[in-house]
Amino acid sequence: MSFIKLGGLATAQGNLPEAQRLFGESLRITERLAESDPVNAEWQCNLAVSFHKLGVIHMKREQWAAALPLLERTLSICERLAALSPTQVVLQEDIRENRELVNQVRARMAE
């Protein structure tokens, strides 16, 4: 989560290449953790956050082809977690937000 926070700081400062690097580091770590224990919901959620943050940075840099698979992975993880915890309103909101981002990127790619 430290890389996520540092990536957020870099984003706020307008340093998108550094934010991309930091979110990429977060993704590498969370992928290893999530793969080591696939039923750990917290690690799966952290993985989704890492994919999301990196996907959004690619969107800001108009790197649509790079953003799409990251946001699709985010959506997939959120949908899987929501199926396990259907009463979690936050997960439903995450699904809606990420579905909207996926649709935005697909529309930009179709232009």
Side-chain angles (χ1 to χ4, degrees):
M1 293 314 290
S2 294
F3 281 113
I4 292 287
K5 290 180 182 182
L6 290 171
L9 178 61
T11 302
Q13 294 173 337
N15 190 346
L16 298 182
E18 180 64 4
Q20 185 173 334
R21 185 189 73 75
L22 292 163
F23 290 140
E25 286 296 320
S26 172
L27 179 59
R28 281 185 274 291
I29 292 167
T30 56
E31 278 183 311
R32 281 186 297 211
L33 289 171
E35 288 172 6
S36 73
D37 188 359
V39 296
N40 185 315
E42 181 179 353
W43 289 353
Q44 296 299 317
C45 186
N46 289 345
L47 180 60
V49 169
S50 294
F51 277 122
H52 174 83
K53 296 288 189 180
L54 192 54
V56 169
I57 288 298
H58 282 294
M59 286 181 71
K60 289 178 184 273
R61 299 184 78 189
E62 297 185 1
Q63 299 169 335
W64 311 116
L68 184 59
L70 296 167
L71 296 170
E72 288 174 333
R73 287 285 306 271
T74 304
L75 181 57
S76 174
I77 294 167
C78 290
E79 288 172 338
R80 190 171 61 247
L81 290 172
L84 297 172
S85 300
T87 60
Q88 288 290 328
V89 175
V90 172
L91 289 171
Q92 299 303 321
E93 291 172 6
D94 289 344
I95 289 170
R96 182 195 51 74
E97 176 187 350
N98 284 289
R99 189 171 288 137
E100 183 176 309
L101 290 176
V102 166
N103 289 336
Q104 286 176 17
V105 170
R106 286 180 179 158
R108 293 303 298 260
M109 291 176 72
E111 291 178 350

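With salt bridges taken as basic N to acidic carboxylate O contacts below 4.0 Å, one links Glu111 and Arg108. Here Glu35 does not pair with Arg32 in a salt bridge; the nearest charged N to carboxylate O distance is not below 4.0 Å. Salt bridge status for Arg28 with Glu25: present, with a side-chain N to carboxylate O gap under 4.0 Å.
Separation of atoms OG (Ser50) and CG (Asn46) is listed at 6.5 Å; rounding is to 0.5 Å. Taking CG of Leu81 as the reference point, atom CG of Leu91 lies at 6.0 Å (rounded to 0.5 Å). Remark: Arg73 CZ to Leu27 CG distance equals 8.0 Å, nearest 0.5 Å. Between the CD1 atom of Ile77 and the CG atom of Asp94 there is a distance of 11.5 Å, given to the nearest 0.5 Å. Gln63 contributes atom CD, which lies 9.0 Å from atom CG of Leu54 (distance to the nearest 0.5 angstrom). Between the CD1 atom of Ile95 and the CD atom of Glu100 there is a distance of 14.0 Å, given to the nearest 0.5 Å.
Using a 4.5 Å cut-off on side-chain heavy atoms (C-beta onward), His52 and Leu101 make contact. Thr11 places a side-chain heavy atom less than 4.5 Å from the side chain of Phe23. At a threshold of 4.5 Å between non-hydrogen side-chain atoms, the residues Phe51 and Leu71 do not count as touching. Side chains of Pro17 and Arg61 form a contact here, defined as non-hydrogen atoms less than 4.5 Å apart. Between Glu62 and Trp64, the closest side-chain pair of non-hydrogen atoms falls below 4.5 Å.
A donor-acceptor contact shorter than 3.5 Å links the side chain of Gln44 to the backbone of Ala34. Formation of a donor-acceptor pair under 3.5 Å by the Thr74 side chain with backbone atoms of Leu70 is found in this model.
The only member of Glu79, Glu72, Gln104 that meets side chain to side chain donor-acceptor pair (under 3.5 Å) when paired with Arg99 is Glu79.
The minimum heavy-atom distance between Met109 and Ala65, with the atom names listed, is CE-CA, 4.0 Å. For the pair Ala48 and Cys78, the tightest heavy-atom approach, listed with the atom from each and the gap, is CB-SG, 4.3 Å.
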